[in-house]
Amino acid sequence: MKSNIFTLINSLIFMAGMAAVFSIQSCSSKAQEAQRAEASLLQKFYHLNSDTGLLGLAKQETNDGYFCTPVGAEVFARLGVDGIHFCFIPSLQPDRSLEQGMVYAVNPMAPDQYVKPVANNLKEFLEMVIACGDAGVLEQAGAMDRKKYDLFMEEVEASAEMKEVIDEMTTELELKPEDNLFDIIHSIQEKFDYNLIPFSEEYYETTGIERE
């Protein structure tokens, strides 16, 4: 009789322990889901499993730059060729969160303007990338007229691997393709005051341009 009682007690203790474990796991799972929901768009971008470099968006979480990278720039991705990278310039829009500010393309190999705005915010930027399949298009579009742009886009074709990246970005980041990127980029760049871009002393020494 006593043996049965002890067995029953041990069983109850074991069941209570397992219930506690399941409860902790459930809470942990819910906490992780909540953290994912609260993560910023930029954090979600960094945590994508696919190789976004296939779209010219190699992730970068350090601020390594070039002579023409604006002072205080927050670099978040690289094209993968010619040192071209994409960044925010927080000092130009201090009243906005990082990813709500304009996105800039920096091209150390550019013949004239090294830094150009290419999107009003990060979401718009990413939606234009998934629409065209190549972040390099955004860097070049401002220098093209409509005819040249349309001809250029006819040559851009996403591979199966690129489409997989686009699908993940669309789903995980809750994006919708923005097909009107030519007009958006031209409008932004036509209105932008390039004199506002904060450059370093290295920039002026390298280019020979006098600081105004």
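In what follows, residues are counted from 1 in the order of the sequence shown.
In this structure, the ring-ring contact (aromatic ring centres under 6.0 Å, His included) partners of Y149, at least two apart in sequence or on a different chain, are F182. Taking the side-chain hydrogen bond (donor to acceptor under 3.5 Å, both in side chains) definition, one finds that D64 meets it with T62, sequence neighbours left out. Judged as a side chain to side chain contact (heavy atoms under 4.5 Å, CB included), and not counting sequence neighbours, E174 has no contacts.
Minimum heavy-atom separation, L57 to V129: CD1-CG1, 3.8 Å.
Taking the six-membered ring for Trp and the full ring otherwise, the centers of F76 and Y46 sit at least 6.0 Å from each other. Annotation: F125 is not in aromatic contact with Y104 [ring centroid separation under 6.0 Å not met]. F199 and Y194 have their aromatic ring centers separated by at least 6.0 angstrom.
A donor-acceptor contact under 3.5 angstrom links the side chains of N107 and E139, judged on distance only.
Interatomic distance, H47 NE2 to L42 CG, rounded to the nearest 0.5 Å: 10.0 Å. Going from atom CG of L181 over to atom CG of L138 covers 5.5 Å, rounded to the nearest 0.5 Å. For the atom pair OG (S159) and CG (L54), the distance works out to 6.5 Å, reported to the nearest 0.5 Å. Note that OG of S40 is 4.5 Å distant from CD of E99, once rounded to the nearest 0.5 Å. Considering CG of L173 and CZ of F45, their distance stands at 8.0 Å, rounded to 0.5 Å.
The one candidate from Q189, M102, E124, Q140 that meets the side chain to side chain contact (heavy atoms under 4.5 Å, CB included) condition with V118 is Q189.
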Stepwise salt bridge (Lys or Arg N to Asp or Glu O under 4.0 Å) check, D51 with K59:
CA-CA 9 Å; D51 181 10; K59 302 165 192 168; over 6 Å; no

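In this structure a side-chain-to-backbone donor-acceptor pair under 3.5 Å is missing from H186 to I184. Panel note: side chain S187, backbone D183; no donor-acceptor pair is recorded below 3.5 Å.
In the hydrophobic clustering of ILVMFWY residues, with side-chain heavy atoms under 4.5 Å counting as a link, V115 and I84 come out together.
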